[in-house]
Amino acid sequence: MTGRIHPQWPNCLNVRDLGGLPTSDGRQISAGALIRSDNLTRLTEAGVKAVREAFVSRIVDVRSPQECAAYPSPFTNDPIHHNMPLSKPGDTYDPTLSIDQDYIVMLDRNPDLLAAAVGAIADAPPGGVVVHCHAGKDRAGNVVALALSLAGVGAESVAADYAILDDRMRNHFDEQLALINDPTERSQLAESFTARPETMLAVLKHLDDRYGGVEPYLRLGGLSDNQVNALKARLVPS
């Protein structure tokens, strides 16, 4: 994975082309097919131009409507922008949960929303698809992990890609932590910023144990046969 070339979108900190990740049958994810990112709100004018030059045909923004209103994407009024939140009104958040437990609650609670987000990748017009949330770690990280797993990328490679964020966002996270005076609150926030491989491995194991794998989970959420096939064909060249 060290040889992968990632897009340079000014002011975005966690933009990664998933192209080059290996599948279990010896192939690779196609370059430019799926890109994960942090919040596109930060993009400069040059950054917006770079996104368009990357032949992006769809942006799957999995932030909440409230986040989108507070931090609007420069693509908000563009047909390529699709806001697909992964939670419903009334969903609760338990701060005592570990990161993997929090992910598992999200996945178990709303398989329809996760399947819809993956389906939006599968159904996109020809071109690249960008998936992002705020930092590009939690919500976007789970959608990307589901899509990569469905395309045949092994759990270890999916988890290793998830963990890259720790290096790419570290300076930004340190700046955020420096603003917190309470040591307990700072410690809790620091933990929430981590992206460890074992976190994603635990999530994928849960999907195996409870649903029989990623594909059965997504089908339970409503992903169709055509979408499964389209996603695989989109991300992995035949």
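Just the heavy atoms: all of them, side chains too, but no hydrogens, waters or symmetry mates, feed the values below.
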### Summary
Taking every heavy atom of A124 against every heavy atom of R234, the minimum-distance pair comes out as O-NH1, 2.8 Å
### Query
Can H132 and N14 be said to form a side chain to side chain contact (heavy atoms under 4.5 Å, CB included), step by step?
CA-CA 10 Å; H132 81 88; N14 188 29; over 6 Å; no
### Message
Tell me the closest heavy-atom pair linking D61 and N83, and the distance in Å.
### Response
O-ND2, 2.9 Å
### Task
Determine, step by step, whether V60 and V143 satisfy the side chain to side chain contact (heavy atoms under 4.5 Å, CB included) criterion, reporting the C-alpha distance in whole Å, the side-chain angles of both residues, the deciding distance to 0.1 Å, and the verdict.
CA-CA 10 Å; V60 182; V143 172; 5.5 Å; no
### Task
Go through the structure and list residues passing side chain to side chain donor-acceptor pair (under 3.5 Å) with E45, not counting sequence neighbours.
none
## Note on the structure
Note: L34 and A147 closest approach over all heavy atoms is CD2-CB, 4.2 Å
### Task
Show the numbers, then the answer: is there a side chain to side chain contact (heavy atoms under 4.5 Å, CB included) between D102 and Y93?
CA-CA 8 Å; D102 185 48; Y93 169 68; 3.7 Å; yes
### Message
Apply the hydrophobic cluster definition, ILVMFWY joined by side-chain contacts under 4.5 Å directly or through others, and give me every member besides L201.
### Response
none
### Summary
The reported gap from OG in S149 to CG in D208 (rounded to nearest 0.5 angstrom) is 8.5 Å
### Query
Is there a side-chain contact between L18 and L148, using heavy atoms and a 4.5 Å cut-off?
yes
### Task
Could you check if a side-chain atom of L43 sits within less than 4.5 angstrom of a side-chain atom of C12, using non-hydrogen atoms only?
yes
### Message
Is it true that N110 and K88 share a donor-acceptor pair across their side chains at a distance under 3.5 Å?
### Response
yes
### Task
Find the distance between CG (N39) and OG (S73) and round it off to the nearest 0.5 Å.
7.5 Å
### Task
Taking all heavy atoms of A33 and all of D17, pick out the closest pair and write down the distance.
N-OD1, 4.5 Å
### Query
Taking side chain as C-beta onward, heavy atoms only, is E67 less than 4.5 Å from S64?
yes
### Task
For the pair R36 (side chain) and G136 (backbone), establish whether a donor and an acceptor sit closer than 3.5 Å, ignoring hydrogens and angles.
yes
### D123 with R58: basic N within carboxylate O range, under 4.0 Å
no
### Query
Would you call V228 and L218 a side-chain contact if the rule is heavy atoms closer than 4.5 Å?
no
### Query
Between D100 and R196, is there a salt bridge with N-O shorter than 4.0 Å?
no
### Query
What distance separates W9 CH2 from L40 CG, expressed to the nearest 0.5 Å?
6.5 Å
### Task
Give a yes or no answer on whether the side chain of R109 reaches the backbone of T92 with a donor-acceptor pair at less than 3.5 Å.
yes
### Query
Hey, mind stepping through D161 and V153 against side chain to side chain contact (heavy atoms under 4.5 Å, CB included) and telling me if it holds?
CA-CA 11 Å; D161 178 78; V153 177; over 6 Å; no
### Task
Determine whether V56 and F75 make a side-chain contact, defined as any pair of heavy atoms from C-beta on separated by less than 4.5 Å.
no
### Query
Of the options V203, L223, V118, L204, which is the one that meets L146 in a side chain to side chain contact (heavy atoms under 4.5 Å, CB included)?
V118
### Message
Can you confirm whether more than 12 heavy atoms, excluding those of N77, are under 6.0 Å from its CG atom?
### Response
no
### Query
Any ion pair linking E198 and K205 (charged N to carboxylate O, less than 4.0 Å)?
no
### Query
Hey, does the side chain of S24 reach the backbone of G154 with a donor-acceptor pair shorter than 3.5 angstrom?
no
### Task
Would you please say whether a donor-acceptor pair under 3.5 Å links the side chains of D38 and H134?
no
### Query
Among side-chain atoms of D108 and Y103, is any donor-acceptor pair under 3.5 angstrom?
no
### Message
Looking at every heavy atom in both M200 and Y162, which two are closest together, and how far apart are they?
### Response
CE-CD1, 3.8 Å
### Message
Rounded at 0.5 Å granularity, tell me how far CG in L107 sits from CG in L207.
### Response
5.5 Å
### Query
How close do G47 and P10 get, heavy atom to heavy atom, and via which atoms?
CA-CD, 3.5 Å
### Polar side-chain atom of D91 near backbone of S87 as donor-acceptor pair, under 3.5 Å
no
### Separation between CG of L86 and CZ of R63, rounded to the nearest 0.5 Å
12.0 Å
### Query
For Q28, what residues pass the side chain to side chain donor-acceptor pair (under 3.5 Å) criterion, not counting sequence neighbours?
none
### Task
Scan for salt bridge (Lys or Arg N to Asp or Glu O under 4.0 Å) pairs involving residues 71-84, sequence neighbours excluded, and state none if there are none.
R52-D78
### Query
Roughly how far, to the nearest 0.5 Å, is OG1 of T23 from NZ of K232?
11.5 Å
#### Entry: Pairwise salt bridge (Lys or Arg N to Asp or Glu O under 4.0 Å) hits with a residue in residues 23-33, at least two apart
D25-R27
### Task
Indicate if V214 and L220 have the same hydrophobic cluster label, given that clusters are the connected sets of ILVMFWY residues with side-chain heavy-atom separations under 4.5 angstrom.
yes
### Message
Other members of the hydrophobic cluster containing V105, with the 4.5 Å side-chain heavy-atom rule, please.
### Response
L97
